[in-house]
Each structure stands twice: as structure tokens, then as C-alpha cells.
Undergrad: 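Questions regarding the structure given below will be posed in turn.
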Number of protein chains: 2
Amino acid sequence: METFAALADPTRVGIVEALAGRARTVSEIVELFDVSQPAISRHLRVLREAGLVRAQVDGRRRIYHLEPQPLREIDRWLERYRRFWARKLRSLEAHLEEG
Amino acid sequence: METFAALADPTRVGIVEALAGRARTVSEIVELFDVSQPAISRHLRVLREAGLVRAQVDGRRRIYHLEPQPLREIDRWLERYRRFWARKLRSLEAHLEEG
DNA sequence: TGAATATATAACGTATAGCGAATATATTGA
DNA sequence: TCAATATATTCGCTATACGTTATATATTCA
């Protein structure tokens, strides 16, 4: 899953979180982080290639939007593991009742 | 989230998936992939440090188990984004009805 | 005890990631 | 048209990731 690699960098996770609030231009995103504009553009490229964001061209600006599909795929991947923590919770409960 | 970085490598995702079936020794895991035993041990270390697996010592063997907690944190992180794809689905439905 | 087994670590090479500075490419507006 | 603005790309650097081979550390068992 390329999505995990795209989210492996904390700045990129921050960008995704910022775009969850609302769409933003590159300049707006640059203001949020303590890295240069080229570095942000590179992060945006990685996110774009992973399908996590989309750029809407508006004159000389690019308005970046969140694309939830890859996150949804992670959600589906996690399905298999939900029973694991359900089991953990049950055994924790059993332990508490017993103690 | 360190978990994303731990899952950024396909071999490590494969190990997590294998351990979802059942706990396994290092040798068993090595058999599943086309990389050397030291490479697997390194991947296991990354997964261990991210809290995704736990090693139970059994003589000279280590039995690796899945630890679901970090995956559960991803699940909770995704919570915020669920409304995004719900919205997308609604607008898709609206589009279909209209068309 | 000593050979075999299971796993981890060390050492080293190469590829890739991430950064800033400089530069290229559009686009806007005076 | 030309300067300013917005963004992307290139370049060069350093750090880190991942792989293999070699080796270290336990542990088992004949």
C-alpha cells in the first residue's frame, strides 16, 4: 500500500490533516510548516501520486483538496484486524472481572 | 504516527498480515519472503519498536505475535476522514439519481 | 562439552528521501 | 510589456533505509 509510505512523513500527515479542515493553496500550506516552499511542493507531489490529494488549478494558484479514497482503503485493510483488538478488550474485561 | 513509517515497507506489511493469521517464529517468517534472515530480523525490529509485534521468547526461538494497538490508533485517526468519503458517496448518489 | 540451531547485530554498499538554494514556468496586473 | 506572484523543478548535500555477508549470542542436545 503506497498510502502508508506517503503518510510515513510527519509533514505529509500534517498536510492531510490541514486539508481535512478545508482546501488550501500551496502558500497557505507553506505557512503552516517550518520548511521551504520547494519542500512542501515535493511533499504535495508525493501525496498527489499516492492519490491522497488533488490540485485544482486556479490561475497561478493550485488549490489542494483531500481525496479520501486511499484512506478508505486503509480503513478496509484494517477490517481484518478489528477482531484482534475486540479480543484484547474481551480478555481485559475478563481480567478485570476476575480481579 | 510512527506506525505509518513501520508499514511503509511491503515486506513489513506482509509480516503483519502473516501474523494476523497466527503467531510465528522468525524462521517461519523468513520462509514466507524472498529476503535473508538478517533482513527479516531488521524488519521485525522496526515492527517491534513501533509496537506492532511482540516477541515471546521460547528457548532459542522467538515467537512473534501481532499487537493490534497501533493499528487501532490508525483506526481512530481515520475517524475524522470517514465523513469525507460519506460525503463523496452522497454526492455520487445524487449524481446518479440526477443522471 | 561441543556441534548444531535460532536469532540478532555489525559492517558495508547502494538507493532513495528530504532539505535548502537556485532556477524555471505560468499567470496576473500595473 | 514587464515586474511581481505562485508554484514546480533542478541541483547538490547529507541522512537514512534496505539489502547481503559475516559474525556474535544464546540455547539445545548428543
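Throughout, a chain's letter reflects where its sequence line sits, starting with A, and its residues are numbered from 1. Note: hydrogens, waters and symmetry copies are ignored here, and every other heavy atom, side chains too, is used.
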Undergrad: What is the separation between atom CG on A/Asp34 and atom C1' on C/dG20, rounded to the nearest whole Å?
TA: 12 Å
Undergrad: Measure CG/B/Asp9 against P/D/dT16 and give the value in whole Å, please.
TA: 18 Å
Undergrad: Which value, rounded to the nearest 0.5 Å, describes the distance between A/Tyr81 atom OH and B/Asp75 atom CG?
TA: 13.0 Å
Undergrad: For DNA chain C, whose closest nucleotide is more 5', that of A/Arg42 or that of A/Asp58?
TA: A/Arg42
Undergrad: Less than 4.0 angstrom between a side-chain N/O of B/Tyr64 and OP1 or OP2 of C/dA8, yes or no?
TA: yes
Undergrad: Is A/His43 close enough to C/dC19 that one of its side-chain N or O atoms is under 4.0 Å from OP1 or OP2 there?
TA: yes
Undergrad: Counting only side-chain heavy atoms from C-beta out, which of C/dC19, D/dG19, C/dA8 sits nearest to A/Val35?
TA: C/dC19
Undergrad: What is the distance from CZ of A/Arg62 to C1' of C/dT28, rounded to the nearest Å?
TA: 14 Å
Undergrad: Let me spell it out: for each of B/Ala39 and A/Pro38, pick the nucleotide of DNA chain D with the closest heavy atom. Which residue's pick is nearer the 5' end?
TA: A/Pro38
Undergrad: What is the distance, rounded to the nearest whole Å, between atom CD of B/Glu28 and atom C1' of C/dT5?
TA: 15 Å
Undergrad: Between A/Phe4 (CZ) and D/dA17 (P), how many Å, whole number?
TA: 18 Å
Undergrad: Any chain of hydrophobic side-chain contacts (each under 4.5 Å) joining B/Val46 to B/Met1?
TA: no
Undergrad: Can a side-chain donor-acceptor contact be found between A/Ser27 and A/Glu31 if the only test is distance below 3.5 angstrom?
TA: no
Undergrad: State which of C/dT7, D/dG19, D/dA8 makes the closest approach to the side chain of A/Leu44.
TA: D/dA8
Undergrad: Which nucleotide in the list C/dG29, D/dG19, D/dT7 gets nearest to the side chain of A/Arg60?
TA: C/dG29
Undergrad: Can you check the A/Leu47 CG to D/dA8 C1' distance for me, whole Å?
TA: 15 Å
Undergrad: If you check the B/Arg12 side chain, which of D/dC18, C/dA8, C/dC19 turns out closest?
TA: D/dC18
Undergrad: Looking only at side chains, do A/Trp77 and B/Glu17 share a donor and an acceptor under 3.5 Å apart?
TA: yes
Undergrad: Both A/Gln37 and B/Val26 contact DNA chain C. Which one's nearest nucleotide lies toward the 5' end?
TA: B/Val26
Undergrad: How many Å lie between CZ on A/Arg61 and P on D/dA8, as a whole number?
TA: 13 Å
Undergrad: Are any of B/Ser36's side-chain N or O atoms less than 4.0 Å away from OP1 or OP2 of D/dG19?
TA: no
Undergrad: Are the charged groups of A/Glu67 and A/Arg72 less than 4.0 angstrom apart, N to O?
TA: no
Undergrad: Rounded to whole angstrom units, what separation is found between the CD atom of A/Glu49 and the P atom of D/dA8?
TA: 12 Å
